[in-house]
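Only this structure's heavy atoms are used, side chains among them; waters, hydrogens and symmetry mates stay out. All of these numbers come straight from a predicted model, not from anything done at the bench.
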Amino acid sequence: MVAVSRSHIADGGPPPSVAGPTRRSRPRGVTIAGIALRTPYWVFSGSVGLIFLAPLLWTAVASVGPRAGTNQVDGWGFGNYETLANYQAGIWRYLANTTFVALLAVALTLLISLLGGYAFARFRFPGKNILFLVTLAILMVPYATLLIPLYVLLNQVGLQNSLVGVALVLTMFQLPFSTFLMRISFEAVPRELDEAAMVDGCSTFSALWRVLLPAVKPGLITVGLFAFLTAWNDFMAPLILINDTERMTLPLAVSNLRGQVQGVVDYGATEAGVVVLALPCIVLFLLLQRHYVRGFMSGAMKG
């Protein structure tokens, strides 16, 4: 028993609480059965992760390891990266070309798919569904079959052997999927938001910019990430459209570097080029992973 002082009761205060024996609370969700059920999932996920990471880790190690017939014969070092850096116009030139193509393709893809997805999701006009199906039908056309007609077309308008022409081609092949993703992103947003904005005096584009654009941000990031990865790693379009060594992108330069000495493959420099190509993609994906997942889930959350 705990004695309660008379002065405390006389002052009208509440009686002090009586501290009883405390029990140690077991952490929620941590049980033997739960661990037993999750262990196969952890083992499977870890195994899949190792399968995907093993080739990249092997390439990174091999790019600095000694290998006969390369610039890194004795010991560990960055001789293969020196070969890559000094190849023809230099790696910085090829990185600048690749960055320009990727950023221009991302900007055009984001702008066109944003407006196209907004139009397909919010407006009614004759032939909307047919036009949307025709847009998606481009996905069924093999990529390589259109490069020669596009080569002829770009040559007529003066964009053949141009980085701008490469970016336009890559944008065209990104638009069907990007427009589809932006349409379902807009459809996942309640119409009441933009209707309320228009009641308050916003125009169509003002409602898009001020109200809907923040709501579809995950979808935009997903579209931009896909466009960047495709444009950064694309090989076919620069191979067909570019014939000037000063304007080659890095994937094309790495491919040419493989057989620069009498057709003998320089595996060390090739592995160094693969590492340089992969690093920006890995960093960007890790930074935007949360938005990337939300962008894909936006259509599933509708209704």
Practice problem: Kindly determine whether Tyr143 and Asp234 satisfy side chain to side chain donor-acceptor pair (under 3.5 Å), including the steps that lead there. | Solution: CA-CA 11 Å; Tyr143 176 40; Asp234 189 79; 3.1 Å; yes
Checking the side chain of Tyr94 only, and the main-chain atoms of Ala89 only, is there a donor and an acceptor separated by less than 3.5 Å? yes
Pairwise side-chain contact, Cys281 with Asn233, heavy-atom cut-off 4.5 Å (strictly under) = yes
So for atom OH, which belongs to Tyr41, do other residues, nucleotides or ligands contribute more than 12 heavy atoms lying within a distance under 6.0 Å? no
Between Leu257 and Ala269 the two heavy atoms that sit nearest each other are CD2-CB, 3.5 Å
Please verify the inter-ring angle class for Phe125 with Phe120; under 30° counts as parallel, over 60° as perpendicular, anything in between as tilted.
tilted
In terms of heavy-atom contacts, Ser63 and Val275 come closest through OG-CG2, 4.1 Å
- prompt: Any link between Val134 and Leu146 through a network of hydrophobic side chains (Ile, Leu, Val, Met, Phe, Trp, Tyr) touching at under 4.5 Å?
  reply: no
Quiz prompt | Test side-chain contact (heavy atoms from CB on, under 4.5 Å) applied to Phe173 and Leu150, step by step | solution = CA-CA 12 Å; Phe173 285 103; Leu150 287 174; 4.0 Å; yes
On a heavy-atom basis, the closest approach of Val223 and Ser113 is CG1-OG, 3.8 Å
Note to self: Within the structure provided, determine whether Arg122 and Val189 are in side-chain contact (heavy-atom separation under 4.5 Å).
What the structure shows: yes
Margin query: Under the criterion side-chain contact (heavy atoms from CB on, under 4.5 Å), I'd like the reasoning laid out for Tyr81 against Val64: C-alpha separation, chi angles, the key distance, then a yes or no.
Written below: CA-CA 8 Å; Tyr81 290 91; Val64 296; 3.8 Å; yes
Interatomic distance, CG@Asn80 vs CD@Glu82, rounded to 0.5 Å, equals 9.0 Å
CZ of Phe177 to CG of Leu139, rounded to nearest 0.5 Å, is 9.0 Å
Path from Leu104 to Ile112 over hydrophobic side-chain contacts below 4.5 Å:
no
Begin with the C-alpha distance, continue with both residues' side-chain angles, and end with the deciding distance and a verdict on side-chain contact (heavy atoms from CB on, under 4.5 Å) for Met182 and Leu115.
CA-CA 9 Å; Met182 290 310 304; Leu115 298 178; over 6 Å; no
ask   = Tell me, do Thr249 and Ile242 make a side-chain contact under 4.5 Å, heavy atoms counted?
value = no
inquiry  = Can you confirm whether Ile282 is buried at CD1, in the sense that more than 12 heavy atoms of other residues, nucleotides or ligands lie under 6.0 Å from that atom?
reply    = yes
The reported gap from CG in Leu114 to OG in Ser185 (rounded to nearest 0.5 angstrom) is 10.0 Å
With a 4.5 Å limit on heavy-atom distance, are the side chains of Thr204 and Met198 in contact? yes
Shortest non-hydrogen pair, Leu163 vs Arg247, comes out as CD2-O, 3.2 Å
query: If Ile, Leu, Val, Met, Phe, Trp and Tyr residues are connected whenever their side-chain heavy atoms lie under 4.5 Å apart, and connections chain through other members, are Ile138 and Phe226 in the same group?
result: no
task: Group every Ile, Leu, Val, Met, Phe, Trp and Tyr by side-chain heavy-atom contacts under 4.5 Å, then state whether Leu168 and Leu103 land in the same group.
output: no
Rounding to 0.5 Å, atoms OG1 (Thr39) and CH2 (Trp42) come to a distance of 5.5 Å
Output for pair (Leu95 CG, Leu250 CG), nearest 0.5 Å, gives 5.0 Å
Check: Do you reckon Leu284 sits in the same ILVMFWY cluster as Ile221, going by side-chain contacts under 4.5 Å, direct or chained?
Finding: yes
request  = For the residue pair Leu108 and Leu170, establish whether any side-chain heavy-atom pair is separated by less than 4.5 Å.
outcome  = no
In this structure, OG of Ser178 is separated from CG of Leu110 (nearest 0.5 Å) by 8.0 Å
All heavy atoms of Pro251 vs all of Thr98, minimum pair found to be CD-OG1, 4.2 Å
key: Leu241 vs Leu159 side-chain heavy atoms within contact, under 4.5 Å   = no
Exercise. Does a side-chain heavy-atom distance below 4.5 Å link Asn97 with Arg93?
Worked result: yes
Per ring pair (Phe, Tyr, Trp, His ring centres under 6.0 Å), Phe123 is matched among Tyr118, Phe132, Phe186 by Tyr118
Notebook entry, point to check: Is any side-chain heavy atom of Val254 less than 4.5 Å from a side-chain heavy atom of Val276?
Noted result: no
When every non-hydrogen atom of Trp232 is compared with those of Leu277, the smallest separation belongs to NE1-O, 3.0 Å
Looking at Trp92, I want to see if its CH2 is surrounded by more than 12 non-hydrogen atoms of other residues, nucleotides or ligands under 6.0 Å. no
